[in-house]
Structure formats: C-alpha cells, structure tokens
Amino acid sequence: MEKIEVGEVFTIGDGEQEEEVEVVASMTVDGQVYVAVAFTEDLRDDIEEDIEVFFLKVDEDGDFDVIESDEEYDKVVEAFDEILEEEE
C-alpha cells in the first residue's frame, strides 16, 4: 500500500455527487491507517469558522472506507486531537 500524504487531493462520492477533499492529517491507530480530510473548497476559501473534518479508514488496497463503530471513531478523533495539540 502506498502511503497517503498530507496535502493529497482526492475525489470522493457515490457516483451521483462527488466532492474534492484534501488530506489534512494521517494517523495510525491500533495498526490501522486513517486520514482526516476536509473539502478543498473550504480550505481554499480560508473560511474563518471551523472547517469540517471527516475521518476515513484506509484499507489494505489504499482505498477509503467508512469508520463503522462509535468506539473506532472516538479513538481516531482522540489521535487527531493529539496531532493538533502537538502542532500548537
């Protein structure tokens, strides 16, 4: 699997509606790789309010997958918060 880098831009969607997202963080939790992404339009517009961030699981093929449980999601959010604290 190729490592996903912060700053990479991807298109995600369901076929009918697609959005460009940019990777704003990458983290490994319990051996699983996750990425935090935000809509590129929001990042480009440099809006003053908080930018909405989404978390996706990266499968063994390098494809994005959803986080399926609240427990898994909470672990990923905690890891992301730690990354933000380190950057301050």
Any chance you could measure Asp42, atom CG, to Glu20, atom CD, to the nearest 0.5 Å?
12.5 Å
Any donor-acceptor N/O pair, Asp61 side chain to Asp63 backbone, under 3.5 Å
no
Close side-chain approach of Val37 to Phe10, heavy-atom, < 4.5 Å:
no
Any residue meeting ring-ring contact (aromatic ring centres under 6.0 Å, His included) with Phe55, in chain and number order, not counting sequence neighbours:
Tyr73, Phe80
Given Val33, which of Thr28, Leu56, Asp59 fulfils the side-chain contact (heavy atoms from CB on, under 4.5 Å) condition?
Thr28
Do Ile83 and Val76 belong to the same hydrophobic cluster, where Ile, Leu, Val, Met, Phe, Trp and Tyr are linked whenever their side-chain heavy atoms lie under 4.5 Å apart, directly or via other members?
yes
Could you pull out all residues at least two apart from Gln17 that satisfy side chain to side chain contact (heavy atoms under 4.5 Å, CB included)?
Asp14, Glu19
Test side-chain contact (heavy atoms from CB on, under 4.5 Å) on Val35 and Val58 and set out the steps.
CA-CA 7 Å; Val35 292; Val58 181; 4.0 Å; yes
Let's go through Ile51 and Val24 carefully: what are the C-alpha distance in whole Å and the side-chain angles of both, what is the deciding distance for side-chain contact (heavy atoms from CB on, under 4.5 Å) to 0.1 Å, and is it a yes or a no?
CA-CA 11 Å; Ile51 294 174; Val24 295; over 6 Å; no
Considering only residues two or more places apart or on different chains, which pairs with a residue in residues 66-81 satisfy salt bridge (charged side-chain N to carboxylate O under 4.0 Å, His left out)?
Asp30-Lys75, Lys57-Glu72, Glu71-Lys75
Among pairs that include at least one residue of residues 11-42, which meet ring-ring contact (aromatic ring centres under 6.0 Å, His included), considering only residues two or more places apart or in two chains?
Phe39-Phe54
Same apolar cluster (I L V M F W Y, side chains within < 4.5 Å links), Ile4/Val9
no
Only counting residues at least two apart or in another chain, list the ones meeting side chain to side chain contact (heavy atoms under 4.5 Å, CB included) with Glu5.
Lys3, Glu8
